[in-house]
Amino acid sequence: MKYLQPQTPFFIFLFTFISTLVNGQKSAPLCTFINHKTSQSEMHKRLQPLLGKVFEATDSNNLYTYNIGICVNADPEKKFGENVGVVQNEIESKDKSPLKHWIIGCYNNSQLIEGTDWVILEYLDGQKYGTHCGKEPRKARIMITCDSSVKSGEETVKIFEEETDKSQDCYYLFEISSPDICIKVPPITISLSVGSVLVIIFIVVVCLYILLGFLYNRLVLGAKGKEQIPNYSFWQDFGNLQADGCNFICRTGIRSESKPYKGLGDDQLQEEDDRDDHLLPM
């Protein structure tokens, strides 16, 4: 009886493919922010478009190059260890010795300061200075500024300065201009409801009524003073008309009939004249 032998190359390929797929789904390394009450996920939202990118820059004197990683290892080959945020590389050795490299900061000990159109990402725990800056660890400050004129993926990096003239708190300052850091403000849309439209139409009609009526009464009819107001007599009695309408609609009691009054006739006047005759002098 023959048994089917598994095809070893096929299973090796399948295992390699699955491993690659699983590893590819792992999220990129993230910075570890210290001294922040905000959650780590919230802190990374502003940096999300730049996470995992590595930038390169050269100083103005062509002495050093810098690899700057945004929450990712700045040295893909990991020659200098894990969690390396910024690396300084010597371009040419002065005494023909092997080229030197210095770790400026690590992204597993970071700080983040946010502004309206800028973000400062600070890496701490770099290699210690040898003779200056109180032999404290190096640190890098990466200022990411909003620049809508720069296309995404074409960010520019500038090296501002290496502050090493102090006895402490020395740092390397870099600037990256990127459109991805800009806060996108949604456009403001103003929509009018049906009621708002009707109110506007009513106000416009009333204004036209007053203006045109005023001009007609003044120029055509030659009215003066209050008589220039359109339908002045109607508006003068408008309050009384409202009161009468309210009295007619709202009151439900029996309306009392007006009492008839007898007019004064000539016969009554004649009787009164006769009663007053004795008062006349004889």
Side-chain angles (χ1 to χ4, degrees), residues 28-31 46-115 117-182:
L30 299 177
C31 294
R46 192 81 181 273
L47 297 172
Q48 186 64 41
L50 299 176
L51 289 178
K53 292 186 177 181
V54 178
F55 300 94
E56 295 183 0
T58 306
D59 65 349
S60 57
N61 297 323
N62 291 324
L63 297 178
Y64 303 101
T65 61
Y66 297 87
N67 295 339
I68 306 167
I70 306 299
C71 297
V72 71
N73 202 313
D75 176 29
E77 298 179 1
K78 299 183 180 180
K79 297 179 181 179
F80 313 111
E82 300 287 342
N83 305 319
V84 178
V86 178
V87 178
Q88 183 184 28
N89 309 296
E90 192 176 30
I91 296 178
E92 183 178 354
S93 178
K94 297 179 181 179
D95 53 1
K96 296 183 180 181
S97 60
L99 298 178
K100 297 179 181 179
H101 306 273
W102 295 270
I103 299 175
I104 306 302
C106 299
Y107 62 84
N108 64 334
N109 191 358
S110 310
Q111 291 185 358
L112 186 67
I113 303 174
E114 295 186 78
D117 55 355
W118 54 268
V119 168
I120 295 179
L121 179 62
E122 186 176 49
Y123 293 150
L124 307 175
D125 288 345
Q127 287 183 338
K128 294 183 178 181
Y129 289 98
T131 57
H132 51 288
C133 293
K135 297 183 180 181
E136 67 179 3
R138 291 175 172 86
K139 60 184 175 184
R141 292 176 179 173
I142 307 168
M143 176 179 287
I144 308 174
T145 58
C146 168
D147 190 349
S148 57
S149 63
V150 178
K151 293 182 179 180
S152 182
E154 299 180 1
E155 290 84 358
T156 58
V157 183
K158 296 180 182 178
I159 304 172
F160 268 137
E161 61 179 339
E162 178 187 356
E163 185 61 61
T164 58
D165 297 332
K166 301 185 296 183
S167 59
Q168 60 181 1
D169 196 23
C170 299
Y171 59 88
Y172 293 77
L173 181 60
F174 307 92
E175 182 188 20
I176 300 177
S177 300
S178 173
D180 297 325
I181 209 66
C182 303

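In this text, all values refer to a predicted model and were calculated from it rather than measured experimentally.
In terms of heavy atoms, Asn83 sits closest to Asn73 at N-ND2, 3.7 Å. The two residues Val86 and Ala140 have their closest heavy-atom pair at CG2-CB, 3.9 Å. Gly69 and Ala74 make their closest contact through N-CB, 3.8 Å (heavy atoms, listed as atom of the first residue, atom of the second, distance). Closest non-hydrogen pair, Pro137 versus Gly126, comes out as CB-O, 3.4 Å. Across all their heavy atoms, Asp117 and Ile181 have their closest contact at O-CG2, 4.4 Å. Of all heavy-atom pairs spanning Cys182 and Ser148, the tightest one is SG-N, 4.4 Å.
Note that the CD1 atom of Ile91 and the NZ atom of Lys100 stand 15.0 Å from one another [nearest 0.5 Å]. One distance of note links CG of Asp59 with OH of Tyr172; it measures 10.5 Å at 0.5 Å rounding. Between Leu112 atom CG and Ile120 atom CD1 the span is 9.0 Å, to the nearest 0.5 Å. The CD atom of Glu175 sits 9.0 Å away from the CG atom of Asp147 when rounded to the nearest 0.5 Å. We find the CD-OG distance between Glu154 and Ser178 to be 11.0 Å, quoted to the nearest 0.5 Å. We find the CG-CD1 distance between Leu121 and Ile68 to be 10.5 Å, quoted to the nearest 0.5 Å.
In this structure, Arg138 satisfies the cation-pi test against Tyr129, with its NZ or CZ atom closer than 6.0 Å to the six-membered ring centre and inside 45 degrees of the ring normal.
Side-chain contact between Val87 and Phe80 is present, with heavy atoms from C-beta onward closer than 4.5 Å. Between Thr156 and Phe55, every side-chain heavy-atom pair lies at or beyond the 4.5 Å cut-off. Side chains of Lys53 and Asp180 form a contact here, defined as non-hydrogen atoms less than 4.5 Å apart. When side chains are defined from C-beta on, Ile142 counts as touching Ile176, because their heavy atoms get closer than 4.5 Å. Residues Ser110 and Tyr123 have side chains in contact (heavy-atom distance under 4.5 Å, counting atoms from C-beta outward). Using a 4.5 Å cut-off on side-chain heavy atoms (C-beta onward), Asn89 and Asn67 make contact. Between Leu51 and Leu30 there is a side-chain heavy-atom pair separated by less than 4.5 Å. Between Glu122 and Lys139 there is a side-chain heavy-atom pair separated by less than 4.5 Å.
Formation of a donor-acceptor pair under 3.5 Å by the Asn108 side chain with backbone atoms of Cys71 is not found in this model. In this structure a side-chain-to-backbone donor-acceptor pair under 3.5 Å is missing from Asn61 to Leu63.
Salt bridge present: Arg141 and Asp169 bring a charged side-chain N and a carboxylate O closer than 4.0 Å. A salt bridge links Arg46 with Glu114: the closest approach of a Lys/Arg side-chain nitrogen to an acidic carboxylate oxygen falls below 4.0 angstrom.
Using cut-offs of 30° and 60° for the angle between ring planes, the Tyr66 and Tyr64 rings count as tilted.
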